[in-house]
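Down below is the structure, laid out as structure tokens.
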Protein chains: 2
Amino acid sequence: MRLLLIEDEKELAIALSGALGKHGIVTDHTMHLADAVELTRQNVYDAILLDRRLPDGEGLTFIPELRRAGTDTPIIVLTARNEPMERVEGLNVGADDYLGKPFLVEELVARVRAVLRRPSSLAEPGIVAGRMMVDPLNLNVTIDSTPIDLPRRELLVLVALAKRKDKTVLRSTLEAAVYNYEEEIQSNALDAHISRLRKRLLDAGAGVAIHAIRGVGYLLREE
Amino acid sequence: MRLLLIEDEKELAIALSGALGKHGIVTDHTMHLADAVELTRQNVYDAILLDRRLPDGEGLTFIPELRRAGTDTPIIVLTARNEPMERVEGLNVGADDYLGKPFLVEELVARVRAVLRRPSSLAEPGIVAGRMMVDPLNLNVTIDSTPIDLPRRELLVLVALAKRKDKTVLRSTLEAAVYNYEEEIQSNALDAHISRLRKRLLDAGAGVAIHAIRGVGYLLREE
DNA sequence: CCGCGAAGATTGCAGCAGCATTGCGGAGCT
DNA sequence: AGCTCCGCAATGCTGCTGCAATCTTCGCGG
């Protein structure tokens, strides 16, 4: 792990570097914002520790600058001012955390780790079939990444088929996917849905075909 | 944005819910850890506010439990103890932030936003749709970079839609984005919001349309 | 290869569920 | 007090959806 420390008090900086080193963290140190911009351009840091009060200006002004340059490196602001309003100010311009001096090195380490743990991007699953993409969780269907809207029952049928792409889905399974126990079905409503769904998918140019398996069920495949 | 507040002091909890509400944050409240586990299972919260001292135990013990259950929802610990070592302890078991009482609501909001800021989204431009730009964190909406102000509930609906631009958003999801579980809804209030929101967006000349997906939900797209 | 029956496909129709709109009044804020 | 927001409900309307009638396709046996 590698940090950039922007701090003008040389002694503190050295002490901090040493302490962080014991935690297996490599620290680059600069005293000037001007250098910092250049350093972030050339190096990849896991996080930036930023002092507010610096010889060449207010540290906070550095944050928007950095963000504008496209960096998403977490920034932890270090400061003597620890009043609530001050802290709010820091967080609002895009800092990821705010730490008032004096602090324990252990706390700093813990906060760095906490900040680094955040990236929780859950991937959208989505089933691809032909030029169509089905997201069974969110009930979205897109064709060439433009959304298609389908009536509810047809949508449910399609999702059930997509979830088992290239495999036969029993008639009864499809019915269960579309209807609950109360609403029984006494006609070929399912067939009707399939028919209308086919038409809609054809018009929309999804590259898929719904194939009937006689006496068993249906099957979705690319065409 | 929706938070789960785990806090046994009822008055504080109510005050906090109200204050957060003014910032456009919907808050569910529970006093017991046991309930919290169940509530988080549905995974609809953007963040969890956790008191350390709770009737049925130390709040921190909840964190590993939650993480083990696979939740990566950010957790902010609230506590009266604000000593550095205590804070380290909290961060090390997996909390994302730590806030000592008393605190300003503004600071809490700022920290929630900081925690939610995805390192992946660089510089947070917000979501662009048509000539409209939506910042889901700060709840700003601008059209041609002039800010528009919307009633709170309509704003929340719009943000929820914008976050999933071009994708269907379930009715239930929208309701969850606007109401907490106490304030149930028994009419077409959501529809009314949509209708008024449409009108406002039309008047303002946002280049977007809110499309109804019959029986499923709504969808925001550029027009 | 042909014919037949059964399963599937298609489509008009009618009923109605769900959405859109809007006025009203209460509640909350300034 | 004056304002906006917001929930509620009444109204109108769109189009989904179940049904059934009719046509088509499929598979099998002769």
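Residue numbering restarts at 1 for every chain, and letters A, B, ... go by the order of the sequence lines.
Between the P atom of D:dG18 and the CG atom of A:Leu197 lies a distance of 14 Å, rounded to the nearest Å. What separates CG of B:Asp149 from P of C:dT30 is a distance of 14 Å, to the nearest Å. The CG-P distance, from A:Leu155 to C:dG18, rounds to 15 Å in whole Å. Straight-line distance from the OH atom of B:Tyr179 to the P atom of D:dC5: 14 Å, rounded to whole Å. Taking atom NZ on B:Lys22 and atom P on D:dC6, their separation rounds to 13 Å, with Å as the unit. Look at CG on B:Leu190: it is 17 Å from P on D:dC5, rounded to the nearest Å. Protein atom CG of A:Asp191 is 17 Å distant from nucleotide atom P of C:dA6, rounded to whole Å. Atom CG of B:Leu158 and atom P of D:dC5 are 15 Å apart (whole Å).
The base of D:dA20 sits within donor-acceptor range of the side chain of A:Asn188, with an N or O pair under 3.5 Å. Residue side chain A:Arg153 does not reach the base of D:dG15 through any donor-acceptor N/O pair under 3.5 Å, judged by distance alone. The base of D:dT14 is paired with the side chain of B:Arg214 by a donor and an acceptor separated by under 3.5 Å. Interface remark: the B:Arg152 side chain does not form any donor-acceptor pair with the C:dG28 base, using a distance-only criterion of under 3.5 Å.
Between B:Arg171 and C:dC19 there is a side-chain N or O to OP1 or OP2 distance below 4.0 Å. Look at B:Ser195 and you won't find any side-chain N or O under 4.0 angstrom from OP1 or OP2 of C:dA20. Between B:Tyr218 and C:dA20 there is a side-chain N or O to OP1 or OP2 distance below 4.0 Å. Contact annotation: B:His193 reaches the phosphate of D:dG7 (side-chain N/O to OP1 or OP2, under 4.0 Å).
Residues B:Gly215 and A:His211 each lie close to DNA chain C; by heavy-atom proximity, the contact nearer the 5' end of the strand is made by A:His211. In terms of position on DNA chain C, the residue among A:Val216 and B:Ile210 whose nearest nucleotide sits closer to the 5' end is A:Val216.
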Audit row: B:Glu154, B:Arg196, salt bridge (Lys or Arg N to Asp or Glu O under 4.0 Å) steps and yes/no: CA-CA 8 Å; B:Glu154 292 174 31; B:Arg196 291 172 179 139; 5.4 Å; no

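Minimum heavy-atom separation, A:Ile143 to A:Ala204: CD1-CB, 3.5 Å. Closest of all the heavy-atom pairs between B:Lys165 and B:Ala129 is CD-CB, 3.6 Å. The heavy-atom pair separating B:Arg171 from B:Leu190 by the smallest distance is O-CD2, 4.0 Å.
Set against D:dC6, C:dA20, D:dT17, the side chain of B:Pro151 has D:dC6 as its closest nucleotide.
Contact annotation for B:Arg198: backbone-only contact, meaning every heavy-atom pair under 4.0 Å involves sugar-phosphate atoms and none involves a base.
The side-chain contact (heavy atoms from CB on, under 4.5 Å) test with B:Leu3 singles out one residue from B:Ile25, B:Asp28, B:Leu16, B:Asn180, and that residue is B:Ile25.
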